[in-house]
Number of protein chains: 2
Amino acid sequence: MTRWAPDARGRLHRAAVDLFEEQGYAPTTVPQIAERAGLTTRTFFRHFADKREVLFSDDAITADAARLMREAPEGLDVLALVRDRLRTVAETTFEGSRSEVRRVRALIAADPALQERDLQKRAALAEVVRSAFADRGEDPITAALVGDLVVSVLHVALERWLDEPADDAAATPFADVIDEVLAASATLLRSATAGR
Amino acid sequence: MTRWAPDARGRLHRAAVDLFEEQGYAPTTVPQIAERAGLTTRTFFRHFADKREVLFSDDAITADAARLMREAPEGLDVLALVRDRLRTVAETTFEGSRSEVRRVRALIAADPALQERDLQKRAALAEVVRSAFADRGEDPITAALVGDLVVSVLHVALERWLDEPADDAAATPFADVIDEVLAASATLLRSATAGR
DNA sequence: TCCTTCATGACACGACGTGTCATCACAATA
DNA sequence: TATTGTGATGACACGTCGTGTCATGAAGGA
């Protein structure tokens, strides 16, 4: 028999989500989370750098993104590649877990400290994309803009996708929403007086 | 004679910047800042919600942005308006204070907690712009994308502007860098396969 | 059997941030 | 001149966050 119950990290995460939904993020203390998970406060901080991280650790989105950029098909222009990778993320990471995503997003929306951490995760994603395009030979300005564009499109599309009131089954596929938002971006930037 | 020395808030801000430059952000304690400013810890937290805010309070960038959007000339299309307002901000807020801006940016770049707060400020700016364009009748998706675009362009241009090694006098005008980055955005989104 | 590894527990501690009450210059008013 | 109110600050207590450090004991290999 094992000395400790398995998946301490997962237990802490689930206990935290439950408690945050019951009482809100701020009033929930780390000792409370640890106790519900059957662990100590010190152990909590061994698994998560701080109280906020417990909500985001599952993501692994930046790691996924780095892999997806490495596996990117060659020969596509920047925008086609962005579209291709965004649709892949939509289908593999988001499609099918709409209500779960919605749960976490609701928690984040309810607390400024969690919103800050969410922004940090988004910035990390933008940096992964920027660096990948810089490695592909894009000039630094374009690479930086593409990084921000990817994050912006993903986020705007996510909000729209989550806002649809219908059941998960009847909702618009996330990949289609991505296309819709990308088209809006293109229209926006195509207007006449772009350069000077 | 007055009971307290004037400008407590400003003294706290300056003491904090000095100490952060001398020792770094994390090792500097709030009591230390307060003492150098001739005040108590409790008074520090009356002026700033937390330790990070002491670096950002001067900005007032979102307030400026809201005003600039209210005063926006009519009849311009979205992109022309964005360019006009960004150039205004470049000239009124940034031009002429390059070294001062660089000082604060260096502090922010050196500490993750400050980067998070910086991202929060950027998000607040994006929200101001989004809401202004939504009020002007743009559809929600476009308005959200424009908010993010403004922040992205401003930030990319800022990095480029600060990176120039030359003296402040010889540096490219910030407004010109804005145009350069805007042009890169337009080129990026103009490529063929935008929509579907 | 011995030894190493590694996740966890136990404990102390400094720093952050807040609630609460006291203090006292300055202004307004009588 | 006397009184009263306002508002910024000080003083103090306190709960929570996050870290450093050492001890413990199961698992696994030699």
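Just so it is clear, the values below take in all heavy atoms, side chains as well, and ignore hydrogens, waters and symmetry mates. Proteins get letters first, then strands, A, B, ... in listed order; numbering begins at 1 in each.
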Exercise. Send over the distance from B:F44 CZ to D:dA11 P, rounded to a whole Å.
Key: 18 Å
Quiz item: Taking everything shown except A:E127 itself, do over 12 heavy atoms lie less than 6.0 Å from its CD?
Solution: yes
Practice problem: Kindly say if B:H47 contacts the phosphate of D:dA8, meaning a side-chain N or O under 4.0 Å from OP1 or OP2. | Solution: no
Quiz prompt | A:R160, CZ: over 12 other non-hydrogen atoms inside 6.0 angstrom | solution = no
Quiz item: Tell me: CZ of A:R52 to P of D:dT16, nearest whole Å?
Solution: 17 Å
Quiz item: What pairs meet the ring-ring contact (aromatic ring centres under 6.0 Å, His included) rule with one or both residues in residues 65-116 of chain B, with sequence neighbours excluded?
Solution: B:F94-B:F174
Quiz prompt | Atom pair distance, as rounded to whole Å: CZ in A:F45 and C1' in C:dA12 | solution = 15 Å
Practice problem: Could you state the atom-to-atom distance from CG of B:D50 to C1' of D:dT16 in whole Å? | Solution: 15 Å
Quiz item: Whole Å only: how far is the CG atom of B:L39 from the P atom of D:dA8?
Solution: 13 Å
Quiz item: Would you say the base of D:dG18 and the side-chain of A:R46 have a donor-acceptor pair closer than 3.5 Å?
Solution: no
Quiz item: So which nucleotide from C:dC16, D:dG10, C:dA7 ends up closest to the side chain of B:P31?
Solution: C:dC16
Quiz item: Which residue, B:V30 or A:A8, contacts DNA chain C at a nucleotide closer to its 5' end, judged by nearest heavy atom?
Solution: A:A8
Practice problem: Rounded off to whole Å, could you give me the CZ-to-P distance for the A:R117 and D:dC17 pair? | Solution: 14 Å
Self-check item: Lys/Arg N to Asp/Glu carboxylate O, B:R52 vs B:D111, below 4.0 Å
Solution: no
Quiz prompt | Residues A:R98, A:D167: salt bridge by 4.0 Å N-O rule | solution = no
Quiz item: Rounded to the nearest Å, what distance is computed from the CG atom of residue A:D7 to the P atom of nucleotide C:dA7?
Solution: 14 Å
Self-check item: C:dA15 phosphate, OP1 or OP2, under 4.0 Å from B:T29 side-chain N/O
Solution: no
Practice problem: Could you identify which residues of residues 11-25 of chain B place a heavy atom less than 4.0 Å from some atom of DNA chain D, listed by residue number, or say none? | Solution: none
Quiz prompt | Per A:R42 side chain, nearest of listed nucleotides D:dT21, D:dG10, D:dC17 | solution = D:dT21
Quiz item: Is there a salt bridge (Lys or Arg N to Asp or Glu O under 4.0 Å) between A:K121 and A:E53 once you walk through the steps?
Solution: CA-CA 10 Å; A:K121 299 297 182 189; A:E53 276 295 309; 3.1 Å; yes
Quiz item: Between A:D111 (CG) and D:dC17 (C1'), how many Å, whole number?
Solution: 15 Å
Practice problem: Assign each of B:T41 and A:K51 to its nearest nucleotide of DNA chain D by heavy atoms, then name whichever residue's nucleotide is nearer the 5' end. | Solution: B:T41
Quiz item: Could B:R85 and B:D64 be called an ion pair, given the rule that one side-chain N must be under 4.0 Å from one carboxylate O?
Solution: no
Quiz item: Are A:T40 and C:dG9 close enough that a side-chain N or O sits under 4.0 Å from OP1 or OP2?
Solution: yes
